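All values reported here derive from a predicted model rather than from experimental measurement.
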Amino acid sequence: MRCPNCGCLESRVVDSRQNIEGNNIRRRRECMACQKRFTTFEVVEAVQIIVIKKDGSKELFDRSKLLKGLLKACEKRPVNAEAIAIEIESELQNSLRQEVTSGDIGEMVMRKLKAADDVAYVRFASVYREFKDIETFIKELNEMKSKESVFSNGSDSDGN
């Protein structure tokens with residue numbers, strides 16, 4: 001890194017700090033020639049993810065849109081919506097896919113919410129799957145209840 005004071009290319013790192021999301025690092029450096037200190041930032045170059053919507057149109061992935069839906073589903077629930085949004089974005093970045101369908105993102109959200117909180121899951125699913133009536137709600141709840149009883153009965157059979 002070139003010193004902004006004298007232009008020397010040799011410096012040493014004095015301090016490094018990572019931001020909360022973990023995608024950028026702030027470094028304090030000291031020039032080996034003039035001993036002046038300066039700050040640099042190291043940023044991960046993210047892949048631009050294109051979301052293919054239901055109607056076939058395409059747009060850039062926007063975590064704030066994802067977070068908005070998650071916040072509605074998780075309102076007054078013990079779920080960290082922001083952490084789920086960051087986790088999903090990270091998974092998309094790590095998949096190295098440049099295009100992803102909105103349906104794929106919706107399914108990722110539903111898996112994460114189902115593991116985190118049943119109420120938040122049902123709230124999100126009702127909008128995402130466009131529940132039309134109470135019967136659809138009851139069907140989803142019964143499916144959740146039957147899966148839950150299968151898991152609880154399975155743990156009872158081994159003596160726990």
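- Residue Phe124 is grouped with residue Val122 when hydrophobic side chains (ILVMFWY) are merged at heavy-atom distances under 4.5 angstrom, including chains of intermediate members.
- For the atom pair Gln35 CD and Asn5 CG, the distance stands at 10.5 Å (nearest 0.5 Å).
- The line from CE of Met32 to SG of Cys6 is 11.5 Å long, rounded to the nearest 0.5 Å.
- Using a 4.0 Å cut-off between charged nitrogen and carboxylate oxygen, Glu42 and Arg26 do not count as a salt-bridge pair.
- Smallest separation of non-hydrogen atoms from Ala73 and Leu113: CB-CD1, 4.3 Å.
- Note: Glu140 CD to Asp118 CG = 10.0 Å, rounded to the nearest 0.5 Å.
- Residues Cys34 and Cys3 have side chains in contact (heavy-atom distance under 4.5 Å, counting atoms from C-beta outward).
- Looking only at side-chain heavy atoms (C-beta outward), Leu9 and Met1 stay at 4.5 Å or farther from each other.
- In the hydrophobic clustering of this structure, Met110 groups with Val51; members are Ile, Leu, Val, Met, Phe, Trp, Tyr whose side-chain heavy atoms approach within less than 4.5 Å, directly or through other members.
- Summarising the geometry of Ser16 relative to Ile25, their closest heavy-atom pair is CB-CG2, 4.2 Å, with the distance given to 0.1 Å.
- Remark: Asp104 CG to Leu92 CG distance equals 8.5 Å, nearest 0.5 Å.
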Checking Leu66 against Val109 for the side chain to side chain contact (heavy atoms under 4.5 Å, CB included) test, could you report, in this order, the C-alpha distance in whole Å, the side-chain angles of both residues, the deciding distance, and whether it holds? CA-CA 9 Å; Leu66 174 62; Val109 171; 3.4 Å; yes
Going through the checks in order, is the side chain to side chain donor-acceptor pair (under 3.5 Å) test met by Arg27 and Thr40? CA-CA 5 Å; Arg27 297 194 194 278; Thr40 61; 5.5 Å; no
Give the intermediate values and the outcome of side chain to side chain contact (heavy atoms under 4.5 Å, CB included) for residues Glu99 and Lys58. CA-CA 9 Å; Glu99 292 187 342; Lys58 297 179 179 185; 2.9 Å; yes
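- At least one donor-acceptor pair closer than 3.5 Å links the side chain of Asn94 to the backbone N or O of Ser90.
- Taken together through direct or relayed side-chain contacts under 4.5 Å among Ile, Leu, Val, Met, Phe, Trp and Tyr, Ile52 and Ile49 form parts of separate hydrophobic clusters.
- Residues in residues 67-77 take part in these salt bridge (Lys or Arg N to Asp or Glu O under 4.0 Å) pairs, two or more places apart or across chains: Arg77-Asp117.
- The two atoms that bring Phe38 and Cys31 nearest to each other are CE2-N, 4.2 Å, heavy atoms only.
- In terms of hydrophobic clustering, with Ile, Leu, Val, Met, Phe, Trp and Tyr side chains grouped at heavy-atom distances under 4.5 Å, Met108 and Tyr121 are assigned to a common cluster.
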Can you list the steps and then say if Glu59 with Lys65 is a salt bridge (charged side-chain N to carboxylate O under 4.0 Å, His left out)? CA-CA 12 Å; Glu59 65 180 44; Lys65 281 185 164 184; 2.7 Å; yes
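- A distance of 8.5 Å separates CG of Leu67 from CD1 of Ile86, quoted to the nearest 0.5 Å.
- A donor-acceptor pair under 3.5 Å is formed between the side chain of Asp133 and the backbone N or O of Thr136.
- The closest side-chain heavy-atom distance from Val13 to Arg28 is not below 4.5 Å.
- The pair Glu91-Arg111 fails the salt-bridge criterion, with no side-chain N (NZ, NE, NH1 or NH2) lying under 4.0 Å from an Asp/Glu carboxylate O.
- Heavy-atom contacts from other residues, nucleotides or ligands closer than 6.0 Å to CD of Gln48 number 12 or fewer.
- Side-chain contact between Val14 and Arg37: present, with at least one pair of heavy atoms (C-beta onward) separated by less than 4.5 Å.
- In this structure, Glu10 does not pair ionically with Arg29, as no charged nitrogen and carboxylate oxygen lie closer than 4.0 Å.
- Looking at Glu30 and Lys36, no side-chain N of the basic residue comes within less than 4.0 Å of a carboxylate O on the acidic one, giving no salt bridge.
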Check against side chain to side chain contact (heavy atoms under 4.5 Å, CB included), Gln98 and Ile50: CA-CA 6 Å; Gln98 289 189 320; Ile50 306 293; 5.6 Å; no
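- Leu71 contributes atom CG, which lies 8.0 Å from atom CD of Glu82 (distance to the nearest 0.5 angstrom).
- Linking ILVMFWY side-chain heavy atoms closer than 4.5 Å, directly or via other members, places Val79 and Val119 in two distinct hydrophobic clusters.
- Under the 4.5 Å side-chain criterion, counting only non-hydrogen atoms from C-beta, Phe61 is not in contact with Val100.
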